[in-house]
Every structure is written in structure tokens, then in C-alpha cells.
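Below: one structure, written as C-alpha cells.
This chain uses plain numbering: 1 for the first residue, then up along the sequence.
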Amino acid sequence: MRQDKRVNDLEGLVPPHEPAEDAIAFAGRAALSLIPAVGPLASESLAYALEARQAQRQHDFNVQIARALTDTMQRLDASATLEDVVSSEDFIAGVTRAQRAAAETASSSKRRRLAAAVANGGGWALFSASERAQFVRLVEDFDELHVWLLHYFQNPAEWLQARGLYEAHSRVSSGGIDGPLGAALGMRQSVWRESVTQAVADLDRAGLASIPLTTMMSRSGIFQSRTSPKGARFLEFINEPDHIAAEPPTLT
């Protein structure tokens, strides 16, 4: 119970972001500058806006790490304590690396996955050292399409059925996976083909999925799972176990 309380309070331990402090710093810099023209003030205002926004993003990301770590700790047994985790070299290195990557992306979902990678990136987590090393790198490299393909190909039939798209493609005796896949993406093949082909190659190279885009097969093959057990482990690593809920990305 003692550990549970500390874990549940973890988000509250993240220092609050104080916009007033940013404003005071800006006011000091602006007062010290001689401003006979608009140019210097505009530059200072832009610098302030960027610094304040980055500080807010950093705070928000730290909160995401706290939430992800809370979720991870609640799934572990009592052998790992919060103190052990946050003081470990794995955690410090993971936070430093993830903060840098989070600052370089505009994707909120990618920042959430980076936070999950921190929470699951050390010896306390239920992943092997080799899994952690590879998965952390893949979280940084993969975009929304990579992750969605892993979700969709865990069970294409279930994903399509949940959206009323299955029946239109279930009556064929043979064909390829591109028809249902195009329906799932909601766009013409000429739009998604290049991006999906590259993403599929990346997933195959990483051992997370084997997706034959050009192969003709039976009806059962069209809707067969193509995400490997390792791919499913990767989705667990980024705290995304629900493949049915995953929505396709916008490629245009």
C-alpha cells in the first residue's frame, strides 16, 4: 500500500510550469534592450514565445512520463520500487534521450509513445534488454503509419468489422490484401502505395510484421494476422494493446 501511494502521487511530483517566471525573464530582457525600432522587440518577442512554448511542452512531456511510469509500476510486483526506478541509470538515460526526441516532433501521439518507452525502457520492465534497446530506437524512427499497420494486421477482419468495412471484401474466394487495406485507409492505392510499401519494408526488417502487399492468396489469407509476436510486444512496449481502437493516419 505504501508503494502504491507513492506511485499514484508520481504525477504530482512533476514541478509545475510557471508561465509568470517566463514573463519576468522576458520583461527583464526587454527592459535592458534599447528599443528605438520595432525590429529588436519583435525578435525578443519571438524568442520569448518560443522559449515559453518549449518550456510548456517540456512540462507536459514530463507529466506524460509520470503517467506512463505509474501505469508500468502498477503492473509490476513489489520487487521494483519507485525509488529504484527513478534513481537508475536506465531511467535517467531514457528520460534524457526521450526529451530530446520529444522536442523534435510535432506529433502528440509520438511524444506519448516516447514517454511509454521511458517507462518501459529499464531493467524493471517486463521486456528483455535486447527488446528494450531495439524498441526504444524504433519508437524514435517509426511514424503513425508504422504503428497503425501493426495494429491493423493483428486482426484485419476484426478491425474492418468494427467499422462496417468487412462485408464488402469478405465474399471473394481469392485476391490480395490491398483491397481491404485501401478500404481501411480510406484512400486510393495511388495515394497510399508508396508510403505503405516503405513502412512494410521497415516492419519486416525489424521483425515486427510480414505483410505481402503484392501476393495473391485465398480469402483466409487476405484476413490473416501479419503482425508477429514481436510486433505485438512492441505495441505493449508503447502501451498500445488495443488494436481495434487504432485509427488510420492521414497520408495526404
Side-chain angles (χ1 to χ4, degrees), residues 1-15 57-105 107-144 146-151 153-155 202-209 225 227-246:
M1 292 298 294
R2 186 181 176 194
Q3 180 182 335
D4 289 344
K5 184 178 187 302
R6 285 199 295 265
V7 169
N8 291 333
D9 291 343
L10 183 58
E11 186 177 334
L13 297 178
V14 178
R57 278 166 53 99
Q58 181 67 72
H59 173 263
D60 292 345
F61 184 63
N62 289 341
V63 171
Q64 286 182 313
I65 291 176
R67 290 172 179 166
L69 186 56
T70 296
D71 184 60
T72 293
M73 295 298 293
Q74 289 174 340
R75 293 197 302 266
L76 300 178
D77 58 32
S79 63
T81 67
L82 182 59
E83 289 85 351
D84 292 336
V85 172
V86 299
S87 63
S88 69
E89 290 298 323
D90 281 345
F91 183 76
I92 299 303
V95 169
T96 302
R97 179 172 180 170
Q99 285 177 335
R100 183 169 57 250
E104 295 173 351
T105 180
S107 169
S108 59
S109 57
K110 185 163 188 174
R111 287 195 293 273
R112 176 172 45 75
R113 290 168 188 142
L114 287 165
V118 173
N120 292 315
W124 62 85
L126 303 176
F127 299 89
S128 68
S130 61
E131 283 180 322
R132 297 195 307 268
Q134 184 183 23
F135 289 171
V136 166
R137 177 178 57 80
L138 294 179
V139 170
E140 296 174 358
D141 292 345
F142 282 179
D143 60 21
E144 299 299 311
H146 291 90
V147 176
W148 179 79
L149 287 169
L150 288 176
H151 279 299
F153 279 106
Q154 280 205 58
N155 193 320
D202 295 338
L203 294 173
D204 182 73
R205 189 161 46 247
L208 304 189
S225 174
T227 298
S228 69
K230 184 178 179 182
R233 289 279 288 172
F234 175 75
L235 293 176
E236 293 176 14
F237 183 79
I238 58 175
N239 293 346
E240 294 191 17
D242 186 0
H243 67 280
I244 298 297

Quick one: pull up [atom1] in [X] and [atom2] in [Y] and give me the separation to the nearest 0.5 Å.
| X | Y | atom1 | atom2 | answer |
| --- | --- | --- | --- | --- |
| N239 | R112 | CG | CZ | 8.5 Å |
| H146 | L208 | NE2 | CG | 9.5 Å |
| I92 | S87 | CD1 | OG | 8.0 Å |
| D84 | D90 | CG | CG | 12.0 Å |

Distance-minimising heavy-atom pair for [X] and [Y]:
| X | Y | value |
| --- | --- | --- |
| G94 | V118 | O-CG2, 3.5 Å |
| S228 | G207 | OG-O, 2.8 Å |
| A68 | A115 | CB-O, 3.7 Å |
| A119 | A125 | O-CB, 4.5 Å |

With a 4.5 Å cut-off on side-chain heavy atoms, are [Y] and [X] touching?
| X | Y | answer |
| --- | --- | --- |
| N120 | F135 | no |
| T72 | W124 | yes |
| L114 | I65 | no |
| L69 | L82 | yes |
| K230 | E131 | no |

Using a 3.5 Å distance criterion without hydrogens, assess whether the side chain of T227 forms a donor-acceptor pair with backbone atoms of A209.
no
Quick check: does any side chain N or O of T105 sit under 3.5 Å from a backbone N or O of A102, one acting as donor and the other as acceptor?
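No; zero donor-acceptor contacts below 3.5 Å.
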Intermediate values then yes/no, side chain to side chain donor-acceptor pair (under 3.5 Å), D60 and Q64:
CA-CA 6 Å; D60 292 345; Q64 286 182 313; over 6 Å; no
Could you work out, with ring-ring contact (aromatic ring centres under 6.0 Å, His included) as the rule, every residue matching F153, not counting sequence neighbours?
none
Check each of R233, R113, K110 against E240 using the salt bridge (charged side-chain N to carboxylate O under 4.0 Å, His left out) test, and report the only one that passes.
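By the salt bridge (charged side-chain N to carboxylate O under 4.0 Å, His left out) criterion, E240 pairs with just one of R233, R113, K110: R113.
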Run the side-chain contact (heavy atoms from CB on, under 4.5 Å) test on N62 and Q99 for me, step by step, so that the C-alpha distance in whole Å, both residues' side-chain angles and the decisive distance to 0.1 Å come before the verdict.
CA-CA 8 Å; N62 289 341; Q99 285 177 335; 3.1 Å; yes
L235/Q154 under side-chain contact (heavy atoms from CB on, under 4.5 Å): CA gap, chis, key distance, verdict:
CA-CA 10 Å; L235 293 176; Q154 280 205 58; 2.9 Å; yes
Determine, step by step, whether D71 and R67 satisfy the salt bridge (Lys or Arg N to Asp or Glu O under 4.0 Å) criterion, reporting the C-alpha distance in whole Å, the side-chain angles of both residues, the deciding distance to 0.1 Å, and the verdict.
CA-CA 6 Å; D71 184 60; R67 290 172 179 166; over 6 Å; no
Can F127 and E236 be said to form a side-chain contact (heavy atoms from CB on, under 4.5 Å), step by step?
CA-CA 10 Å; F127 299 89; E236 293 176 14; 4.1 Å; yes
Carefully, step by step, assess L138 and F237 under the rule side-chain contact (heavy atoms from CB on, under 4.5 Å).
CA-CA 11 Å; L138 294 179; F237 183 79; over 6 Å; no
Stepwise salt bridge (Lys or Arg N to Asp or Glu O under 4.0 Å) test for R97 and E140
CA-CA 10 Å; R97 179 172 180 170; E140 296 174 358; 2.5 Å; yes
